[in-house]
Amino acid sequence: MTLEHIFGLTVSGLTVGMIYALIALGYTMVYGVLQLINFAHGEVFTIGGYIAASTLIWIGVDATTPLAVKFAYFGLALLVSLVLTATLGFLIERIAYRPLRNRSRIIALLSAIGTSIFLQNLLVIVFGPQPIIMPTAVVPTGFVEIFGARIRVLQITIIVVSLLLMALLTWIVKGTRMGKAMRATSQDREAAEMMGIETNLTISFTFVVGSALAAIGGFLVAMYYGSLQFNTGFLYGLKAFTAAVLGGIGNIPGAVVGSLVLGLAENWGVGLNLGVLAWLFVGGLLLGLYFQLVRAPRFRIDHIAEEFRTPAYERRVRDVYRFAPVVALKTLFAERTDALLYVSAQHAVRLTAANVILLGLAVLFFVNGDVQFASKWQHVISFAVLMAILMFRPSGILGEHIQEKV
Amino acid sequence: MSEPILDVRATTKSFGGLKAVNNLSFEVYEGEIVSLIGPNGSGKTTTFNVITGLYEPDSGDILFKGESIAGLSPAKVYERGVARTFQMLRLFAAMSVLENVLVGMHGRTRANVLDCMLRTPRMRREEDASIVRAREILEYFPGRFPEVRHAQPASSLSYANRRRLELARALAGEPSLLLLDEPVAGMNPAESLEVMRQIRDLRDRGYTILMIEHDMKVIMGASDRVIAMDHGIKIAEGAPTDVANDPAVVEAYLGRRGADTAS
């Protein structure tokens with residue numbers, strides 16, 4: 001298990017993670033403004049890739065085309081795909097969701113699933129069930145050597161393009177008038193409307209932006225793997241949706257973080273042997289101990305009213321966390337105690353349990369250091385990571401979008 | 001008298017079998033402060049929701065400055081010059097204080113994404129002007145929104161300051177008619193007094209005000225005219241003291257036996 005190997009896997013993980021992120025952003029933005037999971041989004045992604053690929057096939061680009069012309073064709077394919085896919089996103093909202101806006105949530109969800117099935121079948125009808133092959137002539141084939149690992153130029157391109165798009169999106173949401181309308185709509189649609197914001201227009205804009213990002217994702221996947229099939233978007237959509245939930249649904253930076261975690265988990269999980277993966281658990285254990293011994297007690301102490309914050313009491317709170325579960329059990333069962341100590345004791349026991357599990361896994365993985373998961377376990381591992389994180393933090397890594405009204 | 005600024009004509013809005021607002025008619029004239037009173041569930045907030053376009057009236061019409069606004073979208077009604085505050089505060093909690101006021105100006109600014117991207121002079125002028133105006137509006141509450149608070153999230157404000165911010169947000173749309181839904185709810189007597197003065201001051205600045213209120217001191221102290229509602233029907237209208245002593249109003253609040261005891 002060499003460093004080059006680990007670095008190469010990390011780059012692959014980041015590449016896949018970035019593509020998930022481009023899709024996940026669409027899920028999370030739509031959830032933000034409508035509290036709706038747009039299950040047709042995975043198909044929007046596939047269609048984006050299909051349109052780009054078929055445009056290039058139709059133009060007839062090949063290896064003999066000069067580089068400048070290739071770039072022009074590439075730009076044209078991107079533009080066609082962006083425009084058509086954004087229009088598709090707009091139409092999906094207009095036809096499948098808007099008429100059902102004020103019905104119960106489950107009805108819109110059914111409509112979303114129906115739209116997804118419809119679009120998949122539309123792809124089969126138009127392009128046939130066989131995969132569409134991306135013309136290889138426009139795909140950068142070069143390699144660069146970084147830290148001894150051979151990294152595809154395309155991978156770097158994907159990562160850089162995704163980062164630029166995310167920066168652009170952040171700026172749209174934070175810095176423009178439309179972004180302000182989006183944020184206001186997602187926090188309180190009725191109030192936004194009564195403050196003069198055309199919420200229908202804002203929601204359409206959200207779908208257009210989300211679909212455009214998915215289209216670029218589809219194009220990048222088609223280049224990365226060389227082909228797309230009518231049902232490719234199903235799995236990608238599911239993964240991206242998962243990533244959005246993992247990062248905290250409705251939370252834009254959360255979608256990116258969740259996607260990167262998922263991408264890395266998939267690649268590291270099957271690419272590394274258990275001896276190396278054990279170090280992740282060691283890292284997790286260190287983080288867990290930091291939480292248990294430093295952050296959690298400090299957080300509790302900060303919540304004690306000034307007049308009760310005696311040094312003796314602070315020491316007791318720290319002891320609860322430090323000597324959990326011994327003190328914790330005593331506090332829970334033996335002594336009469338105040339609410340703060342009681343809650344702290346429960347919390348300390350949970351943290352200790354998590355740390356013990358992490359320690360156990362680290363030891364287990366170290367002992368079986370040479371074993372490696374077969375690649376068919378990829379999805380199992382990524383979903384195991386997902387469940388583990390959501391178990392300890394149900395609102396996702398960066399927290400859910402909160403429908404807070406003050 | 002001149003043409004009313006708001007003219008509610010025989011408006012009815014029902015939910016299922018319940019007529020929340022039943023054949024309600026009233027006028028509000030420019031420069032007036034009118035209070036809408038009535039026991040809970042008498043249809044006051046529904047009346048506000050119908051005026052602001054959140055609900056479409058089942059029948060009847062609503063004229064604002066002589067033009068019908070019934071059935072327009074809330075955003076359109078707001079652009080015509082009707083702004084409101086809410087009984088339960090509805091600020092954009094995660095946005096900064098200044099941004100909340102800027103959202104109120106949304107309908108008046110025109111810059112689109114492309115303008116923002118190219119940072120066209122038009123857009124920059126507009127943005128600068130909006131920020132200057134937003135600061136001006138916040139200045140209207142002296143000492144409540146110092147410079148340092150402008151960038152803080154609205155959720156960090158105290159309750160009374162949130163109510164002030166909601167009013168500031170409503171003022172940002174440069175409305176001519178302000179609908180205030182229980183402006184002093186949850187405030188202490190000193191704060192209520194301040195709000196009462198502010199409401200009168202706003203009237204002197206040229207705003208027309210229609211408010212829902214329960215606090216008798218504020219109603220008596222601020223309003224020119226009072227309209228009392230019960231079960232969606234207007235039961236009394238007139239000068240504050242007259243309405244407060246109207247037997248039908250006393251009965252609506254206290255019940256028949258209570259009304260007998262009171263008289």
Salt bridge A:R177-B:E127, side-chain N to carboxylate O under 4.0 Å: no
A:R105 atom CZ, over 12 foreign heavy atoms within 6.0 Å: no
Interface moiety of B:Y159 toward chain A, non-hydrogen atoms closer than 4.5 Å: neither
Atom CZ of A:R309: over 12 foreign heavy atoms under 6.0 Å: yes
salt_bridge(B:K76, A:E198) N-O dist < 4.0 Å: yes
Side-chain heavy-atom pair A:E190, B:P74 within 4.5 angstrom cut-off: no
Spacing of CZ belonging to B:R84 relative to CE belonging to A:M194, to within rounding of 0.5 Å: 4.5 Å
Reported CD1-to-NE2 distance for the pair A:I197 and B:H106, which is rounded to 0.5 angstrom: 5.0 Å
Heavy atoms of other groups near A:Y73 OH, more than 12 under 6.0 Å: no
Residue pair B:S73 / A:E193: nearest heavy atoms and the distance that separates them: CB-OE2, 4.1 Å
side-chain hydrogen bond (donor to acceptor under 3.5 Å, both in side chains), paired with B:E99, selected from A:K180, A:R183, A:K174: A:R183
Heavy atoms from other residues, nucleotides or ligands near CD of B:E191 exceed 12 (cutoff 6.0 Å): yes
Within-4.5 Å side-chain heavy-atom neighbours: B:Y78 and A:M195: yes
More than 12 heavy atoms from other groups under 6.0 Å of CZ on B:R203: yes
More than 12 heavy atoms from other groups under 6.0 Å of CZ on A:R94: no
B:F15, CZ atom: more than 12 neighbouring heavy atoms under 6.0 Å: yes
